[in-house]
Protein chains: 2
Amino acid sequence: MADVAQLAGVSSQTVSRVSNGFPGVTEDTRAQVLAAMRELGYRPNSAARALRRGEFRTLGVITFSLSTMGNIRTLEAIATSAAEHGYAVTLLPVAVPTQDEVNGAFSRLGELAVDAVIVIMEIHLLDAATVSLPPGVQVVVADSDAGDRYTVVDTDQAGGARDAVRHLLDLGHDTVWHLAGPEGSFAAQRRANAWRGTLTEAGRTPPPLVRGDWSAESGYRAGLLLADEPECTAVFAANDQMALGLLRALHERGRRVPGDISVVGFDDIPESASFLPPLTTIHQDFAEVGRLCVEGVLSKMRRDGVEHGTTTLVPTRLVRRASTAAPRRER
Amino acid sequence: MADVAQLAGVSSQTVSRVSNGFPGVTEDTRAQVLAAMRELGYRPNSAARALRRGEFRTLGVITFSLSTMGNIRTLEAIATSAAEHGYAVTLLPVAVPTQDEVNGAFSRLGELAVDAVIVIMEIHLLDAATVSLPPGVQVVVADSDAGDRYTVVDTDQAGGARDAVRHLLDLGHDTVWHLAGPEGSFAAQRRANAWRGTLTEAGRTPPPLVRGDWSAESGYRAGLLLADEPECTAVFAANDQMALGLLRALHERGRRVPGDISVVGFDDIPESASFLPPLTTIHQDFAEVGRLCVEGVLSKMRRDGVEHGTTTLVPTRLVRRASTAAPRRER
DNA sequence: CTAGGCAATGTTTACGTAAACATCCACTGG
DNA sequence: CCAGTGGATGTTTACGTAAACATTGCCTAG
């Protein structure tokens with residue numbers, strides 16, 4: 001910076017002003033400084049900047065293995081949105097979703113060059129970890145159940161599940177079976193609750209719940225079971241991958257989709273339009289989730305507010321494709 | 001730090017030594033300092049550290065939209081591997097893969113708290129961007145063609161494609177059709193070249209190449225075409241998504257897989273085991289690619305070497321599933 | 001014609017850390 | 001008994017920046 005100042009014939013402070021786009025610099029001077037910067041290949045040192053300003057202009061994102069499409073898309077949206085606000089994004093991967101690992105990530109956080117944190121993770125892993133959160137670091141949680149202690153941004157899981165079930169009921173199905181996600185997941189839990197609630201509201205009896213683990217393989221196993229249920233004409237799968245496995249099992253067992261059984265998924269992964277048949281599913285707006293996470297955490301930083309427990313829900317959208325139809329009325 | 005020093009009754013330098021695990025501190029003193037740190041909730045300020053040390057312990061990863069599964073898995077491996085070496089990972093998303101955007105990302109890089117960069121991107125976008133690379137920042141490129149100017153780590157595209165084609169020939173097919181990726185992609189190009197080369201080597205005539213754009217939708221369109229080719233008994237799709245679309249089209253047209261047509265994909269995405277039928281595909285070891293990227297860039301930093309043009313290939317593995325079989329000999 | 005004001009620019013300082021150097025002290029060997 | 005040695009700890013300083021304050025000089029109103 002000093003070199004630039006000397007070459008431009010000004011003080012280093014003026015260079016700083018130009019570099020930060022501050023007012024109070026003549027157009028001439030500014031041009032001269034810029035020229036000097038270019039000539040010397042000057043780049044501001046972000047460490048010194050951060051030291052001086054007391055902030056890093058960086059957001060940390062804690063997530064374990066970018067396994068699910070949703071998390072990835074959310075991460076991507078966070079990165080893009082953060083960039084728009086002049087923030088960089090640092091990734092804090094947690095290899096195994098155990099309490100210890102999460103605690104470890106949180107304590108490493110303190111030494112990390114990060115102003116705030118966005119957690120993409122089921123919240124129950126967070127509870128015991130709170131203690132080690134460095135003070136002054138704001139947190140927003142995505143993809144999680146509302147805790148009273150965190151600001152949460154999430155897809156409207158319940159609304160999406162309700163739409164899925166209603167769609168099937170509207171088509172004329174007597175009831176809807178549910179292929180749920182793993183027990184430990186709040187997202188799975190909320191989708192299942194909404195499924196049950198919607199059926200009950202409509203005066204239908206919820207059939208026994210079938211459980212998977214989000215994987216296509218588990219959907220396949222569930223499908224083999226469901227294929228043998230003669231009563232089953234409509235299934236709401238808690239995600240698209242399980243729906244994929246389900247479709248394969250039904251096909252193998254000679255059950256037609258949607259002729260014999262209608263299937264609805266959840267997520268709208270890009271491939272779902274090319275399933276056999278193309279899958280009716282609930283579209284999630286991950287880009288919006290990511291955007292809201294960033295804005296939430298930034299606004300928390302600014303006002304230094306401590307409003308815990310705010311939950312923002314991002315609406316979903318039903319995407320109708322070929323895997324759902326009215327039941328055959330043969331009885 | 002000064003507070004900790006005072007509480008522990010030592011100098012700040014001793015605190016620094018403890019904080020960095022340096023020798024020359026009595027066990028007693030160390031314990032006292034650690035206690036003081038805990039009591040005051042001391043966390044080293046990474047900005048000051050970086051300023052003093054002249055390095056950030058951070059790697060930048062440039063990638064545009066985490067669209068493909070491969071890039072995501074690579075990114076994840078990079079993050080994990082970097083963490084093991086005590087490095088953090090900062091994400092530099094490029095919204096649109098245009099020259100301008102890439103150049104922009106590279107120039108922003110200079111102001112970013114990053115010691116080295118890993119680029120996950122087709123290299124042709126890099127060529128014109130080189131100029132703005134800040135000096136002293138090492139680069140490793142993943143998922144790209146070898147340039148003489150960069151260190152490249154990539155999956156052995158050619159080897160994988162060769163294995164795919166050979167597998168089909170070994171099963172007894174006369175020749176193999178190829179559903180290629182977009183023209184602009186070097187990965188697609190190399191897979192196509194290896195496909196053609198392997199056929200020629202084996203004395204077969206390569207059928208006309210069919211082109212897609214990586215998406216399942218494009219695979220579907222290609223599949224409609226191929227379903228009408230009576231000669232076609234085996235297809236090698238350049239990725240699993242296109243294979244998925246292909247399977248749907250073939251199914252719709254009443255062509256059995258693998259009865260009438262065998263299909264091989266590329267990538268081994270998790271869903272491919274649940275396709276209809278389960279897809280034979282080429283497994284890529286993205287974790288290894290990520291690991292090698294990190295180690296490559298770190299070793300470049302250490303030796304300050306300037307060995308350009310090194311290319312490391314990570315081997316692939318053929319995963320046999322139900323979508324491939326011997327052709328029916330009815331002629 | 002001059003005091004006052006304001007815009008443009010310069011000077012000083014502190015941010016938190018770790019390297020380099022300085023000091024202290026206990027112990028060893030002659 | 002003392003010089004020498006080496007380990008433990010303390011002191012000084014610089015890293016590059018931007019905030020706070022200081023200075024300069026020009027313009028305008030009275």
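Lettering of chains follows the sequences in order, A, B, ..., and the numbering in each one begins at 1.
At distances below 3.5 Å, at least one donor-acceptor pair connects side-chain atoms of A/Asp115 with backbone N or O atoms of A/Phe56.
Atom P of nucleotide D/dG16 and atom CG of A/Leu40 are separated by 14 Å, given to the nearest angstrom. Put simply, CG on A/Leu51 is 9 Å from P on C/dT17, counting in whole angstrom units. Here C/dG10 presents its P atom at 17 Å from CZ of A/Phe22, a figure rounded to the nearest Å. Nucleotide C/dC15 holds its P atom 17 Å from the CD atom of A/Glu55, rounded to whole Å. Atom P of nucleotide C/dT9 and atom CD of A/Gln6 are separated by 18 Å, given to the nearest angstrom. Here D/dA8 presents its P atom at 16 Å from CD of B/Gln32, a figure rounded to the nearest Å. Rounded to an integer number of Å, the gap from B/Asp3 CG to C/dG16 P is 10 Å. Between the CG atom of A/Asn45 and the C1' atom of C/dC15 there is a distance of 13 Å, given to the nearest Å.
For the pair B/Ala142 and B/Val289, the tightest heavy-atom approach, listed with the atom from each and the gap, is CB-CG1, 4.3 Å. Shortest non-hydrogen contact noted between A/Ala79 and B/Leu91 is CB-CD2, 4.1 Å.
Base engagement by A/Ser16 is indicated by at least one non-hydrogen atom pair under 4.0 Å involving a base atom. Looking at heavy-atom distances under 4.0 Å, B/Thr14 makes contact with sugar-phosphate atoms alone, never a base. Among the heavy atoms of the strands lying under 4.0 Å from A/Thr29 are primed sugar atoms or P, OP1, OP2 only; no base atom is included.
In this structure, the side chains of B/Arg30 and B/Val33 stay at 4.5 Å or more apart for every pair of heavy atoms.
Heavy-atom distances to DNA chain C give each of B/Arg49 and B/Arg17 a nearest nucleotide, and the one nearer the 5′ end belongs to B/Arg49. For the pair A/Ser46 and B/Ser12, both in contact range of DNA chain D, the more 5′-proximal nearest nucleotide belongs to B/Ser12.
For B/Arg43 against C/dG16, no side-chain N or O and base N or O form a donor-acceptor pair under 3.5 Å.
For B/Gln13, whose side chain is taken as the heavy atoms from C-beta onward, the closest listed nucleotide among C/dT11, D/dT17, C/dA19 is C/dA19. With C/dA18, C/dT11, D/dT17 as the candidates, the nucleotide lying closest to the side chain of B/Arg52 is C/dA18. Relative to the side chain of B/Thr26, the nucleotides C/dC15, D/dT9, C/dA18 differ in distance, and D/dT9 lies closest.
Using a 4.0 Å cut-off between charged side-chain N and carboxylate O, A/Glu76 and A/Arg73 make no salt bridge.
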